[in-house]
Amino acid sequence: AGMKFLLQYVGFFLAFFSAVFLIISTWTDCWMVNADDSLEVSTKCRGLWWECVTNVFDGIQTCDEYDSIYAEHSVKLVLTRAMMITADILSGLGFLFLVLGLDCVKFLPDEPLIKLRICLVSGVMLLLAGLPGITGSVWYAVDVYVERSSLLFHNVFLGIQYKFGWSCWLGMAGSLGCFLSGSLLTCCMYLFRETSSGRLHSAYSLRKGYSSAATVLTNAHLPPSQTATSKMYAVDTRV
């Protein structure tokens, strides 16, 4: 039982921080940052939804939102948005399911098998969340790196060159956390399935034994004629 609680709590904290990292990554503005910031008087960051410029001297930040989502955008931007939003939704749902499956939460306290299955469902959802998250963040980072390398290789200087920033790193960390927590919940929690099933079966047998014993004691206190009459009445009612 102690190991089961430990696995649940470790999975809980991993799922929580992973979901938070993915959400922060999706809605922050530093997926790309200018690589030559030592020569600039401002730091330029690009996110999935807007671009921000921060003055290095006074710290004033100005942001420009991109055009409407219906406008023409690069394939990299559109697909990364879709994958990160999908990862946010799946990780959030997986975390909520995990909360319901915790033994310390008073939800279906007499149904250990159902709570265990809820934890398994949560693990599967976290694993599914990690897939689009890591695909979107790594693909975005590789695309930025390839674009910058190709410009350097052809000696093309456009004034600003970008490298991937902390938002992209945060997306990778959140996705890896989803994989870790999902694997922990699906693989390790599955080992407790037989234990929970055995406890549920023993509890049912114990309740059935108590019920049978109570029936025998009740019939023992009844006179023989009354017992026979009650049996005949039961047979008549069934007929």
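Note that the structure is predicted; figures quoted are calculated from it, not measured.
- Residues satisfying the side chain to side chain contact (heavy atoms under 4.5 Å, CB included) test with S122, not counting sequence neighbours, are F97, L98, L126, L185.
- Between C45 and C52, the gamma sulfurs sit at a distance of 2.5 angstrom or greater.
- Under the side-chain hydrogen bond (donor to acceptor under 3.5 Å, both in side chains) criterion, S25 pairs with no residue at all, not counting sequence neighbours.
- Nearest heavy atoms, C63 versus D29: SG-OD2, 4.3 Å.
- Looking at N34, T62, D64 one by one, the single match for side chain to side chain contact (heavy atoms under 4.5 Å, CB included) with V53 turns out to be T62.
- Cluster membership for I60 and V33, using ILVMFWY side-chain heavy atoms within less than 4.5 angstrom, is not shared.
- Take F12 and apply the ring pair (Phe, Tyr, Trp, His ring centres under 6.0 Å) test, not counting sequence neighbours, and it matches F95.
- For the atom pair CD1 of I89 and CE of M125, the computed distance is 10.0 Å after rounding to the nearest 0.5 Å.
- Every residue two or more places apart in sequence or in another chain that forms a side chain to side chain contact (heavy atoms under 4.5 Å, CB included) with F13 is listed here: F17.
- We find the CG-CD1 distance between L100 and I114 to be 12.5 Å, quoted to the nearest 0.5 Å.
- For the residue pair Q8 and C119, the shortest heavy atom distance occurs at NE2-SG, 3.9 Å.
- Under the rule for a ring pair (Phe, Tyr, Trp, His ring centres under 6.0 Å), W50 has no partner lying at least two apart in sequence or in another chain.
- The shortest non-hydrogen separation linking A129 to L90 is CB-CB, 3.5 Å.
- Annotation: salt bridge (Lys or Arg N to Asp or Glu O under 4.0 Å) contacts involving residues 130-146, sequence neighbours excluded, comprise K76-D143.
- In this structure D88 satisfies the side-chain hydrogen bond (donor to acceptor under 3.5 Å, both in side chains) test together with T26, sequence neighbours excluded.
- Scored by the ring pair (Phe, Tyr, Trp, His ring centres under 6.0 Å) test, W27 finds W49 as partners (sequence neighbours excluded).
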Anything under 3.5 Å between a donor and an acceptor, one on a side chain of residues 173-181, the other on a protein residue two or more places apart or in another chain? List them.
residue, atom, partner, partner atom, Å
S175, OG, G133, O, 3.4
S175, OG, I134, N, 3.0
S175, OG, G171, O, 2.8
S181, OG, G177, O, 3.0
S181, OG, C178, O, 3.2

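- Although no hydrogens or angles enter the test, the distance criterion places no donor-acceptor pair under 3.5 Å between the side chain of S91 and the main chain of A19.
- Applying the ring-ring contact (aromatic ring centres under 6.0 Å, His included) test to every pair with at least one member in residues 109-139, sequence neighbours left out, gives no pairs at all.
- The distance from the SG atom of C30 to the CD atom of E51 is 11.0 Å, given to the nearest 0.5 Å.
- Note: M84 CE to S137 OG = 6.0 Å, rounded to the nearest 0.5 Å.
- Rounded to the nearest 0.5 angstrom, L127 CG and L184 CG are separated by 10.5 Å.
- Annotation: side chain to side chain contact (heavy atoms under 4.5 Å, CB included) contacts of I24 (sequence neighbours excluded): V20, T28, W166, L170.
- Nearest heavy atom pair, residue W31 against residue G136, reads CZ3-O, 4.5 Å.
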